[in-house]
Amino acid sequence: MMEAAMEILFTQESIDRRVRELAGQISRDYEGREPLIIGILNGAFVFMADLIRALNVPCRVDFVRLASYGAGCVSSGEIRIGKDLETPIAGRDVLIVEDIVDTGLTLSRLVDILRKRQPASLKVCVFLDKRERRRVPFTADYVGFSIPDRFVVGYGLDHNEQYRFLPDVCVLGTSSEKEGI
Ligand code: PRP
Ligand code: 7HP
């Protein structure tokens with residue numbers, strides 16, 4: 001029987017420190033403005049909740065949920081909007097907040113879709129960046145931490161909808177992997 005083994009990658013203290021740094025940088029960049037912060041459900045909700053409460057500028061919030069085209073377990077890599085925004089974004093300063101950028105497919109597609117709605121500005125803030133895994137070029141404007149190609153959970157990130165509630169970010173492995181079996 002293989003059990004999940006967890007190794008802490010970022011503690012809640014280091015996450016808190018980094019989120020406050022990011023919020024400081026974003027507050028300076030958006031001084032005198034009121035950005036619309038768009039969270040991508042589900043994973044971004046924990047990071048976004050902490051980030052907006054550390055900002056020194058007013059903001060509004062909205063959420064999108066994305067879905068992949070393709071039947072069964074094989075994704076075509078084509079991404080569409082499942083739940084759309086409730087706020088018109090034309091002429092607004094928009095900041096997309098996401099938990100992780102991996103292949104880059106999700107964010108590059110969402111940015112393409114939202115640009116067509118003609119926001120005044122459009123930037124992206126990701127909590128984690130797994131650069132080695134890119135399949136399409138994508139660079140976020142704000143990055144919490146760059147991480148190696150390991151599967152991580154906690155702080156909103158899941159594996160089969162589990163572990164989102166963990167306050168630390170942990171690398172998920174199996175006990176057999178850890179023991180070298
Ligand atoms: C995860 C994550 C990003 C996406 C990143 O979402 O939250 O949205 O994968 O991957 P990419 O860069 O390879 O596109 P997931 O579909 O697991 O949904 P979730 O947010 O509900 O966990
Ligand atoms: C998506 C995702 N979700 C949770 N943990 C990771 O390491 C992930 N990469 N891409």
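Both counts, for ligands and for their atoms, begin at 1 and track the order of listing.
- Within 4.0 Å of ligand 1, counting heavy atoms only, the contacting residues are Leu41, Asn42, Gly43, Glu98, Asp99, Ile100, Val101, Asp102, Thr103, Gly104, Leu105, Thr106, Asp158, Arg164.
- The immediate protein surroundings of ligand 2, defined as residues with any heavy atom under 4.0 Å of it, consist of Ile100, Asp102, Lys130, Arg150, Phe151, Val152, Leu157, Asp158.
- By the 30° and 60° cut-offs, the orientation of the rings of Phe47 relative to Phe127 is tilted.
- Counted by atom type alone, Asn56 and Arg28 present zero donor-acceptor pairs between their side chains at under 3.5 Å.
- Using a cut-off of 4.0 Å between Lys/Arg side-chain N and Asp/Glu carboxylate O, Asp16 and Arg20 are scored as salt-bridged.
- In this structure, the side chains of Gln25 and Leu22 come closer than 4.5 Å at one or more pairs of heavy atoms.
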Arg134 and Asp129: CA distance, side-chain angles, deciding distance, salt bridge (charged side-chain N to carboxylate O under 4.0 Å, His left out) verdict: CA-CA 10 Å; Arg134 283 299 194 285; Asp129 188 350; 2.9 Å; yes
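- Scored by the salt bridge (Lys or Arg N to Asp or Glu O under 4.0 Å) test, Asp50 finds Arg53 as partners (sequence neighbours excluded).
- With Asp102 as the fixed residue, the salt bridge (charged side-chain N to carboxylate O under 4.0 Å, His left out) test singles out one of Arg135, Arg131, Arg133: Arg133.
- Ring geometry, His159 versus Phe151: the interplanar angle exceeds 60°, so the pair is classed perpendicular (tilted spans 30 to 60°).
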Just distance, no hydrogens or angles: give the donor-acceptor pairs under 3.5 Å from side chains in residues 87-95, sequence neighbours left out.
from	atom 1	to	atom 2	distance (Å)
Thr87	OG1	Asp62	OD2	2.6
Arg92	NH2	Glu34	O	2.9
Asp93	OD1	Arg33	NH1	3.1
Asp93	OD1	Ser121	OG	2.6

